[in-house]
Protein chains: 2
Amino acid sequence: MDERQAVMAFAALGQENRFRVVRALVTAGPDGLAAGTLATEIGVSATNLTFHLKELSHAGLIQSRREGKSIIYSAAYEGLSDLITFLMRDCCQGRPEVCAPAVRDSAHA
Amino acid sequence: MDERQAVMAFAALGQENRFRVVRALVTAGPDGLAAGTLATEIGVSATNLTFHLKELSHAGLIQSRREGKSIIYSAAYEGLSDLITFLMRDCCQGRPEVCAPAVRDSAHA
DNA sequence: TCTACGTTTCAACAATCATTGAAACAATGG
DNA sequence: CCATTGTTTCAATGATTGTTGAAACGTAGA
């Protein structure tokens, strides 16, 4: 992952509704959620959700597939883990002051 | 760290110049860098840098102290590690598919 | 094929954000 | 106290982003 894409991903997560979409999709697991379900869950209009989904998709944080009439969105695990890795390595330089607590916490999560 | 603050931090990192400021400050270490030095390094005007620094400071990612005529900025390690922890735990639910690679990578960073 | 459903596209608008230059402020040295 | 250096504040502007409603598209069932 390069800086350009990392910044795009951060920008994508830096908006309340989009952040909630990602969390909902991670929680939903690989099966994902239909756009309509997401819209209800997050509390935004279908139109507006589409806008945010496109943003997240472009940032590589989610993916979609069609299933009958519905379009199912799911979290892009690789994109998310790449982002965390990039944040720890390239941005925070692997500094223990920054990274150690996160690693420690995640160990007994 | 709550969702509100995490989203603010992501938004702060989701802008090229601000992202570079954070990286420069992490690289600089606890001693930090004067605002003027940062402005030169990042390649933005002093005025514009102030705007971004305020944003980052408000997001809890950097801090400042006065030293003579200069104002020295430095990375807020705790804010950064809180963000990583939040991203792994609250957003990504500690899912191994997402978090394990990051932890593994950081181990031999 | 017609209709209904789920989703996206489009055009418009309001709101927020990034950038600029001029002016003000704070600290230091003469 | 004055001049200089480093930084911030302020007001203005252009650019980007978030939101909306109407219309279009794709799929499935009657």
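Residue numbering restarts at 1 for every chain, and letters A, B, ... go by the order of the sequence lines.
Rounding to whole angstrom units, NZ of residue A:Lys54 and P of D:dT17 are separated by 13 Å. Nucleotide D:dT17 holds its P atom 14 Å from the CG atom of A:Leu56, rounded to whole Å. Residue A:Leu33 contributes atom CG, which lies 15 Å from atom C1' of C:dG6 at whole-angstrom precision. The interatomic distance linking A:Arg66 (CZ) with D:dA28 (C1') rounds to 11 Å, in whole Å. Atom CD in B:Glu67 sits roughly 11 Å away from atom P in C:dT28 (whole-Å rounding). Between the CD1 atom of B:Ile72 and the P atom of C:dA27 there is a distance of 14 Å, rounded to whole Å. Between the P atom of C:dT9 and the CD atom of A:Glu55 lies a distance of 14 Å, rounded to the nearest Å. Spacing between atom CG of B:Leu53 and atom C1' of D:dG6 amounts to 13 Å, rounded to whole angstrom units.
Contact annotation: A:Arg18 side-chain N/O to D:dT17 OP1/OP2 distance is not under 4.0 Å. OP1 or OP2 of C:dT19 has at least one side-chain nitrogen or oxygen of B:Asn17 nearer than 4.0 Å. Here A:Gln15 does not reach the OP1 or OP2 of D:dT16: none of its side-chain N or O atoms lies under 4.0 Å away. Close to C:dG6, at under 4.0 Å from its OP1 or OP2, lies no side-chain N or O of A:Tyr73. For the OP1/OP2 pair of C:dC17 and a distance below 4.0 Å, the side-chain nitrogens and oxygens of B:His52 include no atom meeting the criterion.
Note on B:Glu3 versus A:Arg20: salt bridge recorded, some NZ/NE/NH1/NH2 to OD/OE distance being below 4.0 Å.
The backbone N or O of B:Ala12 sits less than 3.5 Å from a side-chain atom of B:Arg18, completing a donor-acceptor pair.
Within a 6.0 Å radius of CD in B:Glu97, other residues, nucleotides and ligands contribute more than 12 heavy atoms. No more than 12 heavy-atom neighbours from other residues, nucleotides or ligands sit within 6.0 angstrom of CZ on B:Arg4. In this structure, A:Glu78 places its CD atom where only 12 or fewer heavy-atom neighbours from other residues, nucleotides or ligands lie under 6.0 Å away.
Among the atoms of the strands shown, base atoms are found under 4.0 Å from some heavy atom of A:Thr47. At the heavy-atom level, A:Ala34 lies under 4.0 Å from the strands shown only through sugar-phosphate atoms. Among the protein residues, A:Thr50 comes within range of the nucleic acid bases, having at least one heavy atom under 4.0 Å from a base atom. As judged by a 4.0 angstrom heavy-atom cut-off over every strand, A:Ala46 is placed among the base-contacting residues.
Here the nucleotide nearest the side chain of A:Lys69, chosen from D:dG26, C:dT7, D:dT5, is D:dG26. Of the candidate nucleotides C:dT8, D:dG26, D:dT7, D:dT7 has the atom nearest to the side chain of B:Ser70.
Residue order along DNA chain D, read from the 5' end via each residue's closest nucleotide, puts B:Phe51 first among B:Phe51 and A:Gly68. The nearest heavy atom of DNA chain D to B:Leu49 and to A:Asn48 marks one nucleotide each, and the one closer to the 5' end goes with B:Leu49.
A:Gln93 and B:Thr27 are linked by a side-chain donor-acceptor pair at a separation below 3.5 angstrom, with hydrogens and angles left out of the test.
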